[in-house]
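So you know, we letter chains A, B, ... as the sequences are listed, proteins then strands, and number each from 1.
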Amino acid sequence: MVTFTLNGREIELEVDPETPLLWVLRDHLQLMGTRFGCGMGLCGACTVHLDGTAIRSCSTPLAMAAGRSVTTIEGLGGNHPLQHAWVEHNVPQCGYCQSGQIMSAAALLAANPQPDEESIRQAMSGNLCRCGTYHKVQQAILSAAAVAQWQPAGEDAS
Amino acid sequence: MSLTRRQFIRNVSVAGGALTLGFQLTGCSGKPLQLGSEADFQPNAFLRIEPDGTVILQIPKAEMGQGVITGMVTLVAEELEVHPSRIDYAMAPVHSAFGDPEMRLQITGGSASIRVYHEILRQVGASARETLVAAAMQQSGLDRASLEAREGRVRSVDGSVDLGYAELVPVARTLAVVSDVALKSTDQWRWIGRYDQRVDAVVKTDGSARFGMDANPEGCLTAVLLRCPWFDGGVESFEAVEALSLPGVVAVFATEFGVAVVAEGYWPARQAAGKVQVNFTPPGGGLRDSATISAALDAALDGEDFASVRDEPATVAVEQGTRVSARYAVPFLAHAAMEPLNATCRLTADGCEVWVGSQAPDLAQDVASRVLGVPREAVVIHNQFLGGGFGRRAAADNVAEVVAIARELKRPVKLVWSREDDMRHDWYRPAMAGAIEARVHPDGRVSHWQHRIAGPSINQQVLPVMMGAMLPQWVPGGPRQWVGDFVGKKDFASVEGSKELPYAFDGVSVSYRNVPVPIPLGYWRSVGHSHNAFVVESFVDELAHAAGIDPLDFRRQHLPEASRHRRVLDAVAKAANWGNAPPGRFQGIAVHDSFHSCVAEVVEVSQVDGKVQLEHVYCAIDCGQVINPDIVKDQMIGGIVFALSAALHGEITLKDGAVEQSNYHDYPLLRQTDTPPMTVVLVESSAPPTGVGEPGTPPAAPALANALFAATGERQRRLPLRLG
């Protein structure tokens with residue numbers, strides 16, 4: 001039995017604790033917004049927050065989440081300044097990597113509310129986009145950084 | 001005005017669209033199309049307005065990021081007089097009404113969607129609007145001139161009548177559809193060329209967009225498949241005692257495509273797959289290693305048996321010029337879309353349902369029906385968003401596999417490929433080799449251009465499969481393969497972008513030699529243009545340097561004055577400030593016409609201590625009338641990123657018949673930190689819209705190679721390129 005907080009709600013699961021968090025989210029909890037891309041932490045499509053830090057859920061066992069707080073793209077709720085900026089800038093093309101891009105960007109802004117272009121590039125370099133939306137990702141993060149900070153469900157203000 | 005052949009075809013396609021409207025809800029096959037309810041107003045197969053006013057457009061093409069949904073919605077919205085954001089969309093089911101008017105298949109490819117559909121969809125919107133207005137005329141007793149349609153309502157000029165489309169649906173659905181409506185003139189457009197949003201942006205930022213990977217019918221299990229690593233082998237035997245003992249594992253069995261491991265979820269399936277011992281049939285002989293394939297292609301260039309695809313003799317004697325010659329080579333490439341291939345199947349009483357993100361849902365249907373041994377009509381395809389396509393999802397091997405698994409399992413099942421499966425079982429962009437030569441004359445003229453291309457034919461492999469879906473199913477495979485073999489001799493996909501050399505050189509010959517390889521091949525963003533533009537535009541640069549003329553001036557000199565090539569070259573040169581690169585910066589230029597659009601690019605690099613770095617890419621495109629400027633720019637940038645990933649890193653190699661690369665560490669793509677700033681110029685045009693999904697890709701590799709030559713003085717003729 002593993003207990004953790006998911007998008008602000010306490011949950012208990014009877015799942016092999018070695019199972020990567022990605023497959024717990026997708027196969028056991030039907031939260032399909034977190035994507036499978038490479039299974040090796042190379043592409044960032046599966047990025048979620050663990051206690052506010054961006055992690056690759058494809059290579060993070062469920063056991064690591066025990067007693068901690070997990071936020072997925074669904075947990076951002078659709079009203080995060082980044083999500084608005086993403087729509088305003090038409091960032092997505094195929095869209096498959098964008099949950100991961102947004103989760104990486106949200107962790108960046110939480111740690112560094114006013115990042116410059118170079119720190120954005122560095123922070124986002126773990127998220128591949130085969131459609132090549134990198135410039136738009138950067139523009140959207142810069143414009144989201146200009147609006148008030150937002151607190152995702154279940155993540156500490158610290 | 002002369003009617004060219006292409007215009008004629010276009011006009012016929014438009015007439016085809018009008019016929020579709022006339023036929024209402026049946027296509028040429030006569031099979032009825034069931035969409036929505038009887039209370040809806042359905043003026044044609046594409047459009048339906050429900051009694052509550054909801055407008056739903058059936059999208060006959062796959063959305064893989066290229067923005068086809070937004071483009072199509074905008075075209076309909078313009079004539080329907082409904083804001084694009086108020087039109088809902090659905091992926092069209094497989095039906096002849098949605099078959100591409102040019103390609104016969106319901107396929108998304110050739111950057112053709114907007115070019116082929118722009119007039120049809122405006123007609124779809126206009127015809128629906130006028131039928132709604134006719135309903136308003138009937139309800140109000142007013143004539144057409146007294147009524148105006150705008151923002152989803154029909155109003156009278158005097159304000160006495162104001163009816164929403166919803167209120168008009170009950171009458172409109174009983175009327176004969178008004179056809180042959182005159183389309184708005186360009187100065188009346190409100191959204192075409194101006195609308196700057198993507199209608200699918202919200203669902204792609206909140207996690208709710210549904211890709212093939214997200215299909216989840218009730219009781220669905222997950223399968224992974226253990227395939228033979230080499231392409232000409234199969235399963236001989238397997239042993240799965242330990243795998244079957246693992247928790248969550250449901251079944252392990254052999255199919256014609258490999259050993260299926262089925263479990264309650266991907267993780268237990270993948271874990272169990274690691275415990276299955278499979279003996280594969282031994283590999284055959286022939287071309288099984290990258291080195292032997294490269295040598296075979298190179299040797300083929302020296303041989304005979306080339307098929308001529310263009311042959312214009314020179315008017316001057318060959319002795320007059322200086323001979324310049326070179327050999328080029330490009331490797332196999334993977335598509336590496338972010339969403340690994342997958343498909344989900346549920347058996348039904350007479351066939352099955354398949355959930356998949358497909359560029360060719362009717363091919364998927366045909367393939368599924370053959371595996372299951374049922375008529376095509378017994379297979380329902382639910383097309384999903386595609387997590388990248390780039391040509392890979394025009395194949396349906398994933399669908400064949402999942403149907404074979406469901407056939408044995410008799411339970412709903414989702415087949416998920418790992419990234420490694422996806423990398424090692426792609427339908428690859430073929431490796432190609434080219435020998436090219438020309439004579440440069442003292443005055444800069446060029447004669448005796450000869451380009452010989454050797455490499456495997458995509459269409460020899462792919463056409464027989466595609467034709468399976470185009471022809472009645474009783475047509476046996478033999479004749480289809482015969483057509484593939486015949487087309488393969490002069491495969492248009494091998495020579496496109498070389499055959500159409502735009503320069504006014506004196507004497508041009510282009511020929512091709514098919515060198516079959518036992519490796520699956522497929523369409524890769526821009527297909528033949530992806531390698532021919534590299535060879536042609538690199539070699540044109542070589543000629544410019546041999547002639548001692550600036551590469552831009554050299555190109556301009558040999559291009560017709562009013563050509564689109566000249567226009568995009570001038571536009572990109574202006575944007576890049578060509579010829580005035582800052583100190584330490586070096587520029588390379590290339591221009592290429594593909595999918596009816598013309599694109600020029602300048603790559604600017606810097607060189608510090610022998611290390612070259614990408615600094616900026618400039619791009620100018622003429623794609624006719626632009627529907628959505630932001631999406632066109634994004635397609636250019638995306639196409640360039642795609643090309644640069646290949647030009648700098650892309651190489652699939654084979655050892656003992658198996659692909660050596662496996663994931664993004666050994667098949668790297670450009671990342672956020674590697675992608676230089678870019679500037680895109682849209683050259684204004686009122687010509688009909690042409691392709692944008694692919695044309696940004698071809699010029700990038702040669703523009704980069706030419707910039708590297710400018711920086712280092714070394715000409716690189718083999719992809720991928722080295723930076724210093």
What verdict does the side-chain contact (heavy atoms from CB on, under 4.5 Å) test give for B/Thr205 and A/Val91, after you've listed the backbone C-alpha separation in whole Å, the side-chain angles of each residue and the deciding distance to 0.1 Å? CA-CA 9 Å; B/Thr205 53; A/Val91 177; 6.0 Å; no
What parts of residues 14-21 of chain A touch chain B if we use heavy atoms and a cut-off under 4.5 Å?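 Expected list: A/Glu18, A/Thr19, A/Pro20.
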A/Leu128 and B/Tyr664: side-chain contact (heavy atoms from CB on, under 4.5 Å), yes or no, with the steps? CA-CA 9 Å; A/Leu128 285 175; B/Tyr664 292 123; 3.5 Å; yes
Pick one of side chain, backbone, both or neither for [X], based on which atoms fall under 4.5 Å of a heavy atom in chain B.
X: A/Glu88; answer: backbone
X: A/His89; answer: backbone
X: A/Val24; answer: neither

Interface moiety of B/Asp422 toward chain A, non-hydrogen atoms closer than 4.5 Å: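 Contact with chain A involves no heavy atom of B/Asp422 at all.
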Part of B/Ser662 lying under 4.5 Å from any heavy atom of chain A: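 Interface part for B/Ser662: neither.
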Of the non-hydrogen atoms in [X] and [Y], which two are nearest, and what is the gap between them?
X: B/Gly387; Y: A/Cys94; result: C-SG, 3.5 Å
X: A/Phe36; Y: B/Trp417; result: CE2-O, 3.5 Å
X: A/Gln138; Y: B/Gln672; result: NE2-OE1, 3.1 Å
X: B/Met64; Y: A/Cys131; result: O-SG, 4.5 Å
X: A/Cys97; Y: B/Met338; result: CB-CG, 4.4 Å
X: A/Gly95; Y: B/Phe211; result: C-CZ, 3.8 Å

Has [X] got a side-chain atom pairing as donor or acceptor with [Y]'s backbone, closer than 3.5 angstrom?
X: A/Arg26; Y: B/Met213; answer: yes
X: B/Asn663; Y: A/Cys38; answer: yes
X: A/Arg130; Y: B/His335; answer: yes
X: A/Asn90; Y: B/Ala201; answer: no

Under a 4.5 Å cutoff for heavy-atom pairs, which residue among [options] has the most contacts with chain B?
options: A/Ile73, A/Leu22, A/Ile120; answer: A/Ile73
options: A/Gly33, A/Ser99, A/Gly132, A/Gly37; answer: A/Gly37
options: A/His135, A/Gln98, A/Gln83, A/Met124; answer: A/His135

Among [options], single out the residue with the greatest number of heavy-atom pairs under 4.5 Å to chain A.
options: B/Arg525, B/Gln635, B/Gln271, B/Met423; value: B/Gln635
options: B/Glu339, B/Lys414, B/Glu63; value: B/Glu339
options: B/Val641, B/Asp634, B/Ile640; value: B/Asp634
options: B/Glu420, B/Gln66, B/Arg210, B/Glu264; value: B/Arg210
options: B/Gly67, B/Ser418, B/Ala336, B/Ala337; value: B/Ala336
options: B/Asn342, B/Val203, B/Asp630; value: B/Asp630

Please walk me through it: do B/Asp214 and A/Arg35 pass side-chain contact (heavy atoms from CB on, under 4.5 Å)? CA-CA 9 Å; B/Asp214 306 322; A/Arg35 314 292 180 188; 2.6 Å; yes
Under 4.5 Å between any side-chain heavy atoms of B/Arg198 and A/Val87, yes or no?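 Side-chain contact under 4.5 Å: no.
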Do the non-hydrogen side-chain atoms of B/Pro676 and A/Tyr134 ever get within less than 4.5 Å of each other?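 They are not in side-chain contact.
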Whether over 12 other heavy atoms sit under 6.0 Å from [X] [atom1]:
X: B/Gln197; atom1: CD; answer: yes
X: B/Arg270; atom1: CZ; answer: yes
X: A/Lys136; atom1: NZ; answer: yes

From CD (A/Gln93) to CG (B/Leu386), nearest 0.5 Å: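 If I round to the nearest 0.5 Å, the distance is 13.5 Å.
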Just how far is it from atom CE of A/Met32 to atom CG of B/Asn216, taken to the nearest 0.5 Å?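 One gets 4.0 Å once the value is rounded to the nearest 0.5 Å.
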side-chain contact (heavy atoms from CB on, under 4.5 Å) for A/Met40 and B/Arg419? Distances and angles first, verdict last. CA-CA 9 Å; A/Met40 286 177 73; B/Arg419 173 56 53 196; over 6 Å; no
